[in-house]
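Everything below concerns the one structure shown next.
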2 protein chains.
Amino acid sequence: MPTSGQRLARPDRERLMLGAAGDAFSTQGFHRSSMDEIARAAGVTKPMLYRYFGSKEDLYAAYLRITGRELIDGVRAPETRDQSPEARLRAGLRAFLTYVEEHRAGWTVLHGESTAPTDAHIAREIAALRGRIIAMLTTLFGDEALAVAFAGATESLATWWLSQPQPPIDEATDVLMNIAHAASGFDRTA
Amino acid sequence: MPTSGQRLARPDRERLMLGAAGDAFSTQGFHRSSMDEIARAAGVTKPMLYRYFGSKEDLYAAYLRITGRELIDGVRAPETRDQSPEARLRAGLRAFLTYVEEHRAGWTVLHGESTAPTDAHIAREIAALRGRIIAMLTTLFGDEALAVAFAGATESLATWWLSQPQPPIDEATDVLMNIAHAASGFDRTA
DNA sequence: GGGTAACGTTACCCTGGAGTAACATTCTGA
DNA sequence: TCAGAATGTTACTCCAGGGTAACGTTACCC
């Protein structure tokens, strides 16, 4: 009489597990989330989680890696190769805010991890991810300090913006573009 | 044969405990820090920690409360009542950066907690603290979104700045003042 | 159609670390 | 001077939750 669970192909099951993991991690953080609970939410039992991901930390790492890749892909998507730096920045910001809006859980975990890392090894990966974005902004602005500040402004605004009733994406983008004009190399006329 | 520990008055002992707690929490986070370890670092045993603070969460909360108060006091200190908004902001930023530099552990914990809260009840307190700062900035800038973005820029820059070899405080302040000019109500001439 | 690999489960083990009981040693003040 | 209130310690209890062993069940493929 055991075996209540429907059989599913590995990729599908993994998606369910990662979804449940993301929900748990984003709302309760790594430590308050238990493997039993994540398993239950994914409609499966604990040993499956371990067979597919190895350990709780590995599950967390897998979730972060996928989420990070989605973020990078999302922000890279807009093809704006031969447009002005300003236009490219604007497109990037819109893409970023869109990603954040559509992947709240992922963004929450990613953002939390970047300031309060759970694990040293994971911290390095997150730092690398953020580093790539900072590097991009640094070449854009010509100053690392400014790039770091701008990244912080963007992250903070994004998180706040999510908590607003109905986020008007263009307003958020404008606020950031406005800031970008403050000390950037490109035009100050807008 | 027991009783190896030197006797100390309560306030002194508390300071030692809070210092050890801060070191542990800032370097390893709440969950990876154990009460045994904090006790040892404070030169005392676990039951003392419990007698003085009640529970691990209460110890953490006490540490955060004190740290938050120090931050507020530090930033409030510069008496600039009847100066221009710009001068007041500059003084506030300098005071903030000075605080951060002199209380690295406290800042690390505070900052981490604001993005990845350990506990719902504590999260509210931190949110209230940040809310007060945002409110101040909002009246200064006349726009909440901008205030949130600016706060994020400041926090991010402060944390990055700490990791630099020898932080020149005025440069960091200038970067932020420059950003503040972007869309603020006060002069755009600087 | 049967061997094996993958999917899935129940029922357990085991440790880290939060929290406490019970006891020893000083300090203080009436 | 001695009662009781602090400061302090040793030596536990106890359990949440990470991790696993052992055992069904279904699918696939030669």
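Proteins come first, then strands; the chains are lettered A, B, ... in the order of their sequence lines, and each starts at number 1.
Rounded to whole Å, the distance from CZ on A:Arg10 to P on D:dA27 is 19 Å. Atom CG in B:Leu49 sits about 14 Å away from atom C1' in D:dT7, given to the nearest Å. Rounded to whole Å, atom P of C:dA18 lies 14 Å from atom OH of B:Tyr60. Rounded to whole Å, the distance from CZ on B:Arg40 to P on D:dG8 is 18 Å. B:Asp58 places its CG atom 13 Å from the P atom of C:dA18, with the value rounded to the nearest Å. Atom CZ in B:Arg13 sits roughly 14 Å away from atom P in C:dT26 (whole-Å rounding). For A:Met48 and D:dT26, the CE to C1' distance is 13 Å, given to the nearest whole Å.
C:dG17 is paired with D:dC14 under the criterion used here, namely a Watson-Crick or G-U wobble arrangement in which both key atom distances are under 3.5 Å.
Here A:Arg124 does not pair with A:Asp119 in a salt bridge; the nearest charged N to carboxylate O distance is not below 4.0 Å. In summary, B:Arg15 and B:Asp12 engage in a salt bridge, as defined by a charged side-chain N under 4.0 Å from a carboxylate O.
Side-chain contact, B:Glu86 with B:His181: a donor N or O sits under 3.5 Å from an acceptor N or O.
Nearest to the side chain of A:Arg7, among C:dT9, D:dG8, D:dT25, sits D:dT25.
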Q: At under 4.0 Å between heavy atoms, which parts of nucleotides 16-23 of chain D does protein reach? Answer with one letter per nucleotide, 5' to 3': B base, S sugar-phosphate only, - none.
A: --BBBB--
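At least one side-chain nitrogen or oxygen of B:Thr45 sits closer than 4.0 Å to the OP1 or OP2 atom of D:dT9.
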In residues 41-53 of chain A, what donor-acceptor pairs under 3.5 Å come from side-chain atoms, sequence neighbours left out?
none

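Using modelled atom types, one side-chain atom of B:Ser163 and one backbone atom of B:Trp160 make a donor-acceptor pair closer than 3.5 Å.
Residues forming a side chain to side chain donor-acceptor pair (under 3.5 Å) with B:Arg65 (at least two apart in sequence, or on another chain): B:Glu125.
Between A:His31 and B:His31, the ring planes are parallel. Angles under 30° get that label, and only those over 60° would be called perpendicular.
Contact annotation for A:Phe53: no contact, since no heavy-atom pair falls under 4.0 Å across all strands.
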